[in-house]
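Keep in mind that what you see is a predicted model, and the values were worked out from it rather than measured. In listed order, ligands and their atoms are each counted from 1.
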Amino acid sequence: MSGICDGRVVVVTGAGRGLGRAHALAFAAEGARVVVNDLGVRLDGRHPDARADRDRTSAGADRDRTSAEEGLMRQGGPAAQVAAEIRAAGGEAVAHAGDIATTAGAASLVSTALETYGRLDTLVNNAGFLRDRMLVNLDEDDWDAVLRVHLKGHFLPLRHAAAHWRAESRAGRTPAARVVNTSSGAGLLGSLGQANYSAAKAGIVGLTLVAAAELARYGVQVNAIAPAARTRMTEHTFAETMAAPATAAGFDAMSPANVSPLVVWLGSAAAAGVTGRVFEAEAGRITVMEGWHPGPTADKGARWSPAEAGETVRRLLTEARAPGRVYGTG
Ligand SMILES: NC(=O)c1ccc[n+]([C@@H]2O[C@H](COP(=O)([O-])OP(=O)(O)OC[C@H]3O[C@@H](n4cnc5c(N)ncnc54)[C@H](O)[C@@H]3O)[C@@H](O)[C@H]2O)c1
């Protein structure tokens, strides 16, 4: 296997299934040696054997999914499966089954790349799970678990990889290092029933901007994607939108593999000069997302009274662009 990632070593978190798996396969197909991370948890982040979660799954589809996931765990877990798949296709890969939202897991992820392949070039932060509830029903545990896996699960691998790249740079070996983070439309626009997830994914955009600015001097570029694809996260909730085409001949628009080419390019040396950006990627479309920009403004040059502030805000709002609609509304 050879291509635009020849000689590079790439770590992909949550690569045992869904988007992460597609990214890992696509990087390997472009010549990268891949560290395939996945803890092998269920869609709500619990271990496949977790009792509390199993008791809640009554629907047939959930039961089928549960036994499929238990099957995967018996075969060494999803990370081992994907690493084996890459090797069977002639690529190089090693599995890592740690929790990326812990210091030990993130540190061992980076050291697995360094000890196995002697280098680290690209980190794709992708792992995560959902605990959707309307805000008034959202438990503290569901808030903490989702913030932890997405936000801390991005920060910790990034922080450990960045320490390695800073050392490389200081030793005179400035890397062409790349980080691709995974946000979501929910983080950019908000999504009903996903206050925890939307907050975490918005936080990932902030983390991306700061990391891009701080790490540029060490040769590290950091971007984020907001993907949409058919995975276990979406295939039931958005069944119609995510469905595969009826015939194999049609373009399978929502295949996760359609998101991976952008991720592979952003993770390659070819992406030189592109950093601190957010891209939406879905089907055959790539969109540069433009962030917060100052809109209509008024400056009195002195303190407003509340009534004046209100009048001014109403006038400015008539001149401002309407915000994008929160997913799930209207
Ligand atoms: N599918 C979509 O349309 C969509 C849309 C927007 C954002 N995303 C984001 O894309 C990423 C991938 O999601 P997906 O749809 O492929 O879901 P998925 O459930 O198929 O894959 C996520 C993987 O992450 C792993 N994981 C969870 N917690 C982990 C941890 N602590 N350590 C290591 N691995 C862990 C899971 O075991 C799972 O294999 C997520 O960050 C998700 O929020 C997906």
Side-chain angles (χ1 to χ4, degrees), residues 11-25 35-48 50 65 68-70 72-73 77-82 95-106 108-109 112 123-132 144-157 180-191 194 196-205 224-239 241-242 253-260 262-263 278-283 289 327:
V11 168
V12 185
T13 70
R17 50 170 86 77
L19 283 155
R21 171 179 171 275
H23 302 337
L25 296 176
V35 180
V36 179
N37 160 269
D38 206 295
L39 186 56
V41 291
R42 296 189 28 193
L43 184 53
D44 64 0
R46 294 183 172 93
H47 190 269
R65 231 179 311 160
E69 286 167 9
E70 282 168 351
L72 263 181
M73 292 308 278
Q81 290 290 300
V82 173
H96 176 276
D99 180 347
I100 47 76
T102 63
T103 292
S108 79
L109 182 63
T112 296
L123 166 67
V124 179
N125 283 315
N126 164 83
F129 56 76
L130 299 175
R131 302 250 180 114
D132 293 357
D144 286 348
V146 168
L147 266 287
R148 175 185 170 279
V149 73
H150 290 279
L151 203 44
K152 203 175 189 183
H154 269 60
F155 161 64
L156 287 173
V180 184
N181 291 332
T182 307
S183 182
S184 163
L188 304 177
L189 293 175
S191 176
Q194 296 193 306
N196 49 359
Y197 181 70
S198 299
K201 291 303 199 185
I204 285 168
V205 173
I225 60 157
R230 182 181 60 251
T231 69
R232 66 179 183 168
M233 243 185 218
T234 54
E235 65 189 345
H236 299 288
T237 320
F238 307 108
T241 323
M242 294 295 163
M254 300 320 292
S255 162
N258 297 332
V259 175
S260 303
L262 170 68
V263 174
V278 180
F279 301 90
E280 264 194 358
E282 167 181 350
M289 299 305 285
Y327 285 99

(message) I want to know if ligand 1 touches S184 in the polar sense, i.e. an N/O pair below 3.5 angstrom.
(response) no
(message) Under 3.5 Å between any N/O of M233 and any N/O of ligand 1: does that happen in this structure?
(response) no
(request) Please report which non-hydrogen protein atom sits nearest to atom 44 (C) of ligand 1, along with the residue it belongs to and the distance in Å to one decimal place. (result) L19 CD1, 3.6 Å
(request) Let me see the working for L151 and I204 under side chain to side chain contact (heavy atoms under 4.5 Å, CB included), right down to the final yes or no. (result) CA-CA 6 Å; L151 203 44; I204 285 168; 4.0 Å; yes
(message) Just to be sure I read this right, does ligand 1 sit under 4.0 Å from the backbone of P78, its side chain, both, or neither, counting only heavy atoms?
(response) neither
(request) Examine the proximity of ligand 1 to R21 and report which part, side chain or backbone, both or neither, has a heavy atom under 4.0 Å away. (result) neither
(message) Please report whether ligand 1 has a polar contact with M242, defined as an N or O pair separated by less than 3.5 Å (distance criterion only).
(response) no
(message) Assess whether a salt bridge exists between R148 and D99, defined as any Lys/Arg side-chain N lying under 4.0 Å from an Asp/Glu carboxylate O.
(response) yes
(message) Is the ring pair Y197/H150 parallel, tilted or perpendicular, if the boundaries are 30 and 60 degrees?
(response) perpendicular
(request) Look only at the side chain of R230 and the backbone of E235, and say whether a donor-acceptor pair between them is shorter than 3.5 Å. (result) no
(message) Please identify which of these residues, N125, V82, V124, I100, meets the side chain to side chain contact (heavy atoms under 4.5 Å, CB included) condition with N37.
(response) I100
(message) Students should be able to answer this: which protein heavy-atom is nearest to atom 9 (C) of ligand 1, and at what distance?
(response) T182 CG2, 3.6 Å
(request) For ligand 1, find out whether one of its N or O atoms is nearer than 3.5 Å to an N or O atom of Y197. (result) yes
(request) Would you check the N or O atoms of R232, main chain and side chain alike, for any that come under 3.5 Å of an N or O of ligand 1? (result) yes
(request) Determine, using heavy atoms of S183 and all atoms of ligand 1, whether some pair is separated by less than 4.0 Å. (result) yes
(message) Using a 3.5 Å cut-off on N or O atoms only, is K201 in polar contact with ligand 1?
(response) yes
(request) Compute the shortest N/O to N/O distance between L39 and ligand 1 and return yes if it is under 3.5 Å, no if not. (result) yes
(request) Record the part of T234 in heavy-atom contact with ligand 1 below 4.0 Å; permitted values are side chain, backbone, both and neither. (result) side chain
(message) Using a 3.5 Å cut-off on N or O atoms only, is A229 in polar contact with ligand 1?
(response) yes
(message) Could you identify the single nearest non-hydrogen protein atom to atom 22 (C) of ligand 1 and state the distance to 0.1 Å?
(response) G128 O, 3.7 Å
(request) Under 4.0 Å, heavy atoms only, figure out whether ligand 1 is touched by the backbone of T231, its side chain, both or neither. (result) side chain
